[in-house]
Number of protein chains: 2
Amino acid sequence: MIDVRPCCTMPHTPAVEDTLRTIFVRAGRGEPVGTSAVADELHVSPPTVSIMLKRLTAAGLVQRTDGHLAALTEHGSTHARDVVRRHRLLETFLQRVLDVPWDEVHAEADALEHAVSPRLLDRIDRHLGHPDRDPHGDPIPRDGGGIGEEWGVRLDSAPAGRAFHIERVYDRDSAALRYLADLGIAPGVRIDVTERQPFGGPLWIRVGPDAHALGEPLTHLVHGRVVAPAGARGTLA
Amino acid sequence: MIDVRPCCTMPHTPAVEDTLRTIFVRAGRGEPVGTSAVADELHVSPPTVSIMLKRLTAAGLVQRTDGHLAALTEHGSTHARDVVRRHRLLETFLQRVLDVPWDEVHAEADALEHAVSPRLLDRIDRHLGHPDRDPHGDPIPRDGGGIGEEWGVRLDSAPAGRAFHIERVYDRDSAALRYLADLGIAPGVRIDVTERQPFGGPLWIRVGPDAHALGEPLTHLVHGRVVAPAGARGTLA
DNA sequence: GCATAGAGTTAGAGGTGACTAATGATTGAC
DNA sequence: GTCAATCATTAGTCACCTCTAACTCTATGC
Ligand SMILES: [Mn+2]
Ligand SMILES: [Mn+2]
Ligand SMILES: [Mn+2]
Ligand SMILES: [Mn+2]
């Protein structure tokens with residue numbers, strides 16, 4: 001049995017920080033936060049996460065809800081946001097200063113986030129001019145709140161015949177990011193949704209002059225907002 | 001008892017890497033590498049180092065000599081040099097790109113050195129233009145050997161009445177580095193040794209127009225070479 | 001109703017890294 | 001020559017992180 005223990009007496013090890021960050025991001029995306037889901041993202045076994053969640057709960061950083069799901073307490077959120085801030089600032093720095101490609105920054109930041117001191121992070125933030133968003137369009141939390149964590153509309157639920165403004169692309173899957181980048185899909189890009197096949201069939205889009213069919217898993221990674229009827233394109237073409 | 005185990009089966013944890021680096025640097029300075037000395041530098045207890053040295057010995061990375069002293073094997077040297085390369089490249093990057101002050105880069109690099117991937121290190125090296133030396137004048141090891149680890153003459157054994165070209169300043173003691181920087185003492189600077197007091201008394205030096213007395217511990221941190229009689233100054237003044 | 005699949009947890013174990021306290025070994029002082 | 005200081009090691013604990021194997025629970029399907 002694990003004792004109840006205030007958060008401050010628990011060391012913030014890499015495993016603890018990674019778990020907090022994962023819960024924060026998954027919950028932000030509105031996905032259920034279960035033991036196995038977290039285990040998958042962290043590449044560890046479910047028992048490892050089970051024990052970790054128990055420790056985090058005892059420390060008052062996590063609350064368990066009905067069906068074994070996990071949610072951050074307010075205190076847990078504060079710590080998680082700090083880790084997310086480090087992670088996203090580092091991603092931004094790696095891309096802007098060292099030209100690390102889009103699909104590699106996540107893995108590098110995952111390691112570095114546990115090794116940057118607050119002072120160093122501050123220098124990085126200043127050097128970048130206090131950026132708002134990381135290379136995937138994810139908001140960088142600030143001390144005073146700042147931009148929220150809202151994820152907008154997922155591409156697979158965008159209506160056909162409308163334009164779609166891409167705001168965020170989920171950064172876990174490196175190969176998927178490379179593929180999407182090849183297609184020209186990135187935050188800030190506007191695409192047209194031309195056709196939606198039912199039952200998990202492909203979603204047809206246009207990126208500039210090029211048409212592409214996206215499989216369902218890919219569409220789950222892209223978030224943004226529906227902006228205008230695609231009919232406007234007809235007047236241009 | 002710890003089994004004999006080839007190096008490749010032993011994880012290169014931060015504790016392992018820090019120990020290898022510390023042995024490498026201490027040995028490079030010609031100082032005896034004992035359990036307590038390493039423990040002091042790593043801020044851990046002697047038993048912790050004792051056990052670590054036993055593991056490193058079993059892995060074929062360290063050899064114990066006569067009086068319990070430790071020395072790196074050739075294989076151990078290879079790994080240690082890699083850690084030192086990461087450490088010094090990071091120090092250089094932090095200073096040149098992020099303006100981290102001289103006396104802080106060591107502590108930051110001590111944490112980051114365990115979190116940079118080979119790919120990222122390569123990008124850092126390229127971004128810096130493959131630097132030779134870190135902010136303290138320490139040589140950055142390269143794959144093909146490169147500059148050696150020689151430490152030159154220690155300032156306390158420089159003769160009075162001669163000029164002294166500073167090549168390296170030992171980077172462990174942050175407060176000492178700050179003090180020396182205030183005095184204008186840094187790699188590449190030339191000073192004049194004006195007077196040597198015996199029995200650990202102060203060493204008098206001139207940095208440009210300013211005269212300073214250095215206590216013995218400080219003189220142990222500065223290495224370089226004796227370059228010319230200080231009498232040459234008289235013709236200038 | 002019951003079997004099965006999926007998710008979560010418990011049990012048991014091993015590796016790493018850290019500590020304190022006690023014990024050996026060497027050296028230097030008196 | 002003995003005592004004390006210094007150094008290294010051993011012994012004994014403990015926390016953390018990870019695993020596999022086994023168990024529980026809860027839908028879901030037939
Ligand atoms: Mn991480
Ligand atoms: Mn990101
Ligand atoms: Mn280190
Ligand atoms: Mn250095």
Side-chain angles (χ1 to χ4, degrees), chain A residues 1-23 26 31-59 61-71 79 83 110-111 114-115, chain B residues 1-23 26 31-59 61-71 79 83 110-111 114-115:
Chain A
M1 201 56 194
I2 291 174
D3 296 320
V4 174
R5 206 166 62 150
C7 144
C8 15
T9 70
M10 171 189 235
H12 286 206
T13 60
V16 166
E17 293 191 333
D18 283 341
T19 306
L20 290 175
R21 179 168 54 73
T22 300
I23 297 171
R26 264 195 91 82
E31 288 166 13
V33 184
T35 306
S36 299
V38 174
D40 276 354
E41 293 216 11
L42 296 179
H43 304 114
V44 295
S45 69
T48 300
V49 174
S50 194
I51 291 166
M52 177 61 78
L53 289 179
K54 212 186 299 179
R55 282 207 303 139
L56 294 176
T57 305
L61 297 168
V62 160
Q63 278 174 339
R64 306 310 293 269
T65 63
D66 43 315
H68 297 292
L69 295 184
H79 286 288
V83 184
D110 188 16
H114 316 291
Chain B
M1 204 54 196
I2 291 175
D3 296 319
V4 174
R5 206 167 61 149
C7 145
C8 15
T9 71
M10 173 190 233
H12 285 204
T13 60
V16 167
E17 293 191 333
D18 283 341
T19 306
L20 290 175
R21 179 169 53 73
T22 300
I23 297 172
R26 265 195 89 85
E31 288 166 12
V33 183
T35 307
S36 298
V38 174
D40 275 354
E41 294 215 9
L42 297 179
H43 303 114
V44 295
S45 68
T48 298
V49 174
S50 195
I51 291 166
M52 176 63 77
L53 289 178
K54 211 187 297 178
R55 282 208 303 138
L56 294 176
T57 305
L61 297 168
V62 159
Q63 279 174 338
R64 308 307 294 267
T65 63
D66 43 315
H68 298 292
L69 295 186
H79 286 289
V83 184
D110 189 16
H114 316 292

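Below, chain A is the first sequence line, B the second, and so on; all start at residue 1.
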Quick tally for nucleotides 6-12 of chain D: nucleotides whose base has a protein heavy atom under 4.0 Å get B, sugar-phosphate-only ones S, the rest -, giving -SSBB--

Between T48(B) and S45(B), is the side chain to side chain donor-acceptor pair (under 3.5 Å) condition met? List the steps. CA-CA 5 Å; T48(B) 298; S45(B) 68; 3.1 Å; yes

Quick one: [X] [atom1] to [N] [atom2], roughly how many Å, whole number?
{"X": "E17(B)", "N": "dT16(C)", "atom1": "CD", "atom2": "C1'", "answer": "14 Å"}
{"X": "L42(A)", "N": "dC19(D)", "atom1": "CG", "atom2": "P", "answer": "10 Å"}
{"X": "R5(A)", "N": "dC14(D)", "atom1": "CZ", "atom2": "P", "answer": "14 Å"}
{"X": "D66(A)", "N": "dT26(D)", "atom1": "CG", "atom2": "P", "answer": "12 Å"}

So, taking the atom named [atom1] in [X] and the one named [atom2] in [Y], what distance separates them when rounded to the nearest 0.5 Å?
{"X": "T35(A)", "Y": "R64(A)", "atom1": "OG1", "atom2": "CZ", "result": "5.0 Å"}
{"X": "E41(B)", "Y": "T19(B)", "atom1": "CD", "atom2": "OG1", "result": "11.0 Å"}
{"X": "L69(A)", "Y": "I23(A)", "atom1": "CG", "atom2": "CD1", "result": "11.0 Å"}

For H114(B), which residues count as a ring-ring contact (aromatic ring centres under 6.0 Å, His included) partner, sequence neighbours excluded?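 Once residues adjacent in sequence are excluded, H114(B) has no partner under the ring-ring contact (aromatic ring centres under 6.0 Å, His included) criterion.
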
Picking from dT18(D), dC16(D), dA18(C), which would you name as closest to the side chain of T13(A)?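 So the nucleotide nearest the side chain must be dC16(D).
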
Could you say whether H43(A) or M10(A) is positioned toward the 5' end of DNA chain D, judged by the nucleotide with the nearest heavy atom to each?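 Per heavy-atom nearest nucleotide, the more 5' residue is M10(A).
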
With a 4.5 Å heavy-atom cut-off, do R21(B) and D110(B) have their side chains touching?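 Yes. Closest side-chain heavy atoms under 4.5 Å.
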
Within the pair S45(B) and dA18(C), is there a side-chain N or O less than 4.0 Å away from OP1 or OP2?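 For dA18(C), neither OP1 nor OP2 has a side-chain N or O of S45(B) closer than 4.0 Å.
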
